[in-house]
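Each remark here refers to the structure printed beneath this line.
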2 protein chains.
Amino acid sequence: MQAQGKHLTTIWVKEVNNEIVQVIDQRHLPHHLVIEDLSTVQEVMTAIKEMHIRGAPLIGVAAAYGMYLAALQAPAHHPESYLEQAAAQLKATRPTAVNLQWAVDQQLAVMRQETSLAGKIKAAYQQAHRIREEDIANCRQIGLHGVSLLEKISLQKKGERVNILTHCNAGWLACVDFGTATSPIYTAFEKGLNVHVWVDETRPRNQGASLTAWELGQHGVPHTVIVDNAGGHLMQHGLVDVVIVGSDRTTARGDVANKIGTYLKALAARDNGIPFYVALPCSSFDWTIKDGLKEINIEEREASEVKYISGLTDEHDCKRVLITPPDSPASNYGFDVTPARLVNGLITEYGIYEAHETSLQGLKKKLPAG
Amino acid sequence: MQAQGKHLTTIWVKEVNNEIVQVIDQRHLPHHLVIEDLSTVQEVMTAIKEMHIRGAPLIGVAAAYGMYLAALQAPAHHPESYLEQAAAQLKATRPTAVNLQWAVDQQLAVMRQETSLAGKIKAAYQQAHRIREEDIANCRQIGLHGVSLLEKISLQKKGERVNILTHCNAGWLACVDFGTATSPIYTAFEKGLNVHVWVDETRPRNQGASLTAWELGQHGVPHTVIVDNAGGHLMQHGLVDVVIVGSDRTTARGDVANKIGTYLKALAARDNGIPFYVALPCSSFDWTIKDGLKEINIEEREASEVKYISGLTDEHDCKRVLITPPDSPASNYGFDVTPARLVNGLITEYGIYEAHETSLQGLKKKLPAG
């Protein structure tokens, strides 16, 4: 989408040297736009683990390019064990996002079919490129399907402002372009609909306040930042028409693992009769599991992410500040699971599906095998 | 309670000069313990408005002392209009906390009965002292009644850790001593119960992370700071046994206005079969209204409280940092309303009452008139 007056995406191969992958280092947003060069799979792992890049779809694309870089680094004689090890390490960087596992497995499979290292490198490069292109196309389709929901609300409200609440960043910064949850919003905005987005700041890492607010603002979409505590009050007072969030992993029956706090917004939406939608590419489904609460491993991150917060001082330095007593312990679960019963629909690149097993089996049948 | 190794309260008359009221300036916690002298009603207004002191019960006590200081400042000839004006200005400092209105009205009433200014000053001083003492006694009683709930859970869990989740600060820092929501916890802790508190950080002003965590830590009570987004996940996984929060205003049918985000925790508690209690002195009831959603005026505060956050830098300076794009708008509602249907009980100084009109009418009959 548009940022700093030009079209930007989150990840691409460097124009003058296709052995380097470039990404936006999102840790510096919203204050600085920093481009980072990644030239080894280890650098990709660090970028994923330390959240230079984040968002389930983007992690998948980055992991695909990571396997391409691993192939470039692999020894010519028996590269397989190097690639298998890199794959295992890559998969371990973030346990919740299913796209990461999926992309790495896709790369391993395609490389196994090539006997020469040069063949493996070429196949990994081409597939990474294809996964990136597919992500863009999928996000575009999610927008085209999802915009119908916003058009319907706009009609019902006779053109009055349509208020969408979103949590975390499921925007183009979480993908390559368009985003998942934001794609229907960008599409509606391009069509001239009167849309406005309530942006949950999304503690502890503030992806809403720092990323979603930035990308919406850069593209010119009206929005307002709110604390994570505010959504229930806004819904009680008719100030939210629809909730759209992303997903890190969705089960075969439609349970949704997404950024911690999503479940609370789903409860408030249900209590106030407001539709709650999840936008996701089909690569975010984990068809092997049903019960998200029991079967999804929820990542626990460092307490320091809760105890410290980073931002720009009045002197324009980026600094972290301690916001708790130094000795108080803190706990930091990264995700929660919203049960399917609270989800009104799943917006995918194949259309909008109900969040239950039968409906999703129908979707699964449409997917290419593998 | 205990802080820095001694017994502290939030507000008292200066020992060597009873025309000065001293308070803890809570803006500096948890990093520095700063005592502030207040010698005019205008200073009390600033302290309330800019949240040097906060919490419905404490605001009530401070307003009572504010009216005493106003009496000291009033002209000897016709002091009434000065006092009426001070009262109106004091009431306007925070619109949601009903204790503020209540304490100011009590002071006006008692001063009207005195003809001389000296008589008014003495009456206001004595009543402020009495309101302070009553707050301490009420909080103590809330603890003695509320501890029964924790003892019951402890028995059911055969002495295993009892996990209480609380939102914002309804601790002794919100009152004079003991607190409301924390009083049952301190009482349980003194009795040797195995208690642990999940402390919601409570954005945007972080009263949980900066005040509740500090006071629990200073008193030695086991606790863990969590982001406001985490409570639902903890409840889904059996890690919360009971929720106890405070209240800024409670209606005659038991709707509870409390810090923004309380409603989301009440929804999650209900969805997971976890009891949700509100602890409050009876001065926090507004008997004149029933429907909290329609009838309670929810304060909107400045956007800067959302866009900036303050804390201690690694160089030990207190600084604010910007955490959103500079141009993104932000909205900042201070409170939300939890409907009575989500409240399992109200813990008051007269005992635990159900949150419905009939039960609360019974409580009202026990209260002294006026």
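The chains referred to below are lettered A, B, ... by the order of the sequence lines, with proteins before strands, and numbering in each begins at 1.
Chain A forms more heavy-atom pairs under 4.5 Å with one residue of Cys318(B), Gly217(B), Ser331(B) than with any other, namely Ser331(B). Counting heavy-atom pairs under 4.5 Å between each of Thr224(B), Asn206(B), Val321(B), Val337(B) and chain A puts Val321(B) at the top. Most heavy-atom pairs under 4.5 Å with chain A: of the set Val199(B), Thr324(B), Asp200(B), Asn229(B), this distinction falls to Asn229(B). Most heavy-atom pairs under 4.5 Å with chain B: of the set Ser210(A), Pro222(A), Gly232(A), this distinction falls to Gly232(A). In terms of non-hydrogen atom pairs under 4.5 Å with chain A, the most contact-rich of Thr202(B), Leu264(B), Asn332(B), Leu211(B) is Leu264(B). Looking only at heavy-atom pairs under 4.5 Å with chain A, the residue among Asp336(B), Leu216(B), Ile260(B) that has the most is Ile260(B).
Heavy atoms of Asp327(B) lying under 4.5 Å from chain A are absent altogether. Gln218(B) does not touch chain A: none of its heavy atoms, backbone or side chain, sits under 4.5 Å away. In this structure, chain B has a heavy atom under 4.5 Å from the side chain of Arg341(A), while its backbone stays farther away. Of the atoms belonging to Pro30(B), it is side-chain heavy atoms, and not backbone ones, that fall under 4.5 Å from chain A. Heavy atoms closer than 4.5 Å to chain B are found nowhere in Leu29(A), neither backbone nor side chain. Contacts of Glu201(A) with chain B are made by side-chain atoms alone, with heavy-atom separations under 4.5 Å and no backbone atom involved.
Annotation: ring-ring contact (aromatic ring centres under 6.0 Å, His included) contacts of His223(A) (sequence neighbours excluded): none.
Remark: His233(A) NE2 to Leu293(B) CG distance equals 9.0 Å, nearest 0.5 Å. If you take OH on Tyr333(A) and NE2 on His237(B), they are separated by 8.0 Å, rounding to the nearest 0.5 Å. To the nearest 0.5 Å, atom CG of residue Asp228(A) and atom CG of residue Asp228(B) are 6.5 Å apart.
Without hydrogens or angle criteria, His31(B) side chain to Ile323(A) main chain gives no donor-acceptor distance under 3.5 Å.
A 4.5 Å side-chain heavy-atom check between Ser328(A) and Trp214(B) finds every atom pair outside the cut-off. Annotation: side chain of Pro339(B) is in contact with side chain of Gln236(A) (closest heavy-atom distance under 4.5 Å). Here the side chains of Arg320(A) and Thr313(B) are not in contact, with every heavy-atom distance at 4.5 Å or above. Side-chain contact between Lys319(B) and Asp314(A): absent, with no pair of heavy atoms (C-beta onward) separated by less than 4.5 Å.
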Test side-chain contact (heavy atoms from CB on, under 4.5 Å) applied to Leu267(B) and Arg270(A), step by step: CA-CA 10 Å; Leu267(B) 285 169; Arg270(A) 180 54 52 96; over 6 Å; no
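Side-chain atoms of Asp271(A) and Tyr263(B) form a donor-acceptor pair, as typed in the model, at a separation below 3.5 Å.
In terms of heavy atoms, Val227(B) sits closest to Pro204(A) at CG1-CB, 3.7 Å. Scanning both residues, Pro325(B) and Ala213(A), for their nearest heavy atoms gives CD-CB, 3.7 Å.
Of all residues spanning residues 302-312 of chain B, those with a heavy atom less than 4.5 Å away from chain A's heavy atoms are Val306(B), Tyr308(B), Ile309(B), Ser310(B), Gly311(B), Leu312(B), arranged by number.
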